Amino acid sequence: MLIQSVLAFSFLFVASYASVQDFCVADLSLPDTPSGFPCKDVKKLSVSDFVYSGLGAAGNTSNLIKAAVTPAFTAQFPGVNGLGISLARLDLAVGGVVPMHTHPGASELLVIIEGTICAGFISSANAVYFKTLYKGDIMVFPQGLLHFQINSGKGPALAFVSFGSPSPGLQITDFALFANDLPTEIVAATTFLDVAQIKKLKGVLGGSN
Ligand SMILES: *[C@@H]1O[C@H](CO)[C@@H](O)[C@H](O)[C@H]1NC(C)=O
């Protein structure tokens with residue numbers, strides 16, 4: 001009886017040991033899969049696989065939206081692969097904006113480090129939740145919902161954004177509508193916007209047709 005219990009216990013221990021994996025640093029040389037990248041060989045890992053220094057410097061905000069999002073997703077930071085988390089740095093120059101967008105794969109948590117940011121999201125029921133945020137404030141944006149951030153202060157703003165996925169994805173509404181070759185008449189028919197306005201936005205954002 002004792003032997004049987006010990007054997008049963010050993011079996012459970014071995015079974016659980018075999019099914020638990022501490023981490024799975026992405027091997028970016030192999031193709032991505034729906035459950036993440038395949039794991040890099042553990043024997044080839046070092047602490048540098050779990051450290052990323054790319055968020056220390058401000059992103060370049062000399063662009064149309066006067067904003068820079070610097071990601072530490074699986075592609076930049078393979079150590080987060082499979083762990084359900086990631087981080088990004090958000091720099092907003094004066095007048096900067098992260099246009100209306102969604103992350104299909106993750107909820108988001110924003111923390112304001114410097115400056116003043118007006119942020120908000122729109123629920124599936126089209127209820128609007130927005131507020132001016134100051135240093136130290138955090139705001140959560142539920143997965144998949146349209147949301148935005150605007151620098152509403154007089155100086156630059158800095159924030160960090162964490163995601164509940166190592167690859168949260170990003171779809172910016174204006175780019176989806178006006179930065180590709182979807183024909184203007186289809187955009188007009190499906191958004192009720194004027195053709196002139198659509199052509200103007202396609203011109204600004206690099207769309208055609
Ligand atoms: C920032 O981006 C602009 C526009 O692409 C470019 O002209 C400029 O050289 C960049 N600045 C830095 C510091 O990389």
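Note that this is a predicted model, so its numbers are computed, not measured. Just follow the structure's listing: the first ligand is 1, and inside any ligand the first atom is 1.
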* Structure fact -> atom 5 (O) of ligand 1 has as its nearest protein heavy atom Ser62 O, 4.4 Å
* Asked: Among protein heavy atoms, which sits nearest to atom 10 (C) of ligand 1, and what does the distance come to when rounded to 0.1 Å?
  -> Asn60 ND2, 2.4 Å
* Please say whether more than 12 non-hydrogen atoms of neighbouring residues, nucleotides or ligands are located less than 6.0 Å from OH in Tyr52. => yes
* In terms of heavy-atom contacts, does CD1 of Ile138 have more than 12 from other residues, nucleotides or ligands at under 6.0 Å? -> no
* Asked: Distance from Phe148 atom CZ to Ile172 atom CD1, nearest 0.5 Å?
  -> 14.5 Å
* Under 30°, 30 to 60°, or over 60°: which ring-plane class applies to His103 and Phe163, parallel, tilted or perpendicular? -> perpendicular
* Asked: For atom 14 (O) of ligand 1, is the nearest protein heavy atom closer than 4.0 Å?
  -> yes
* Does the protein put a heavy atom less than 4.0 Å from atom 8 (C) of ligand 1? -> yes
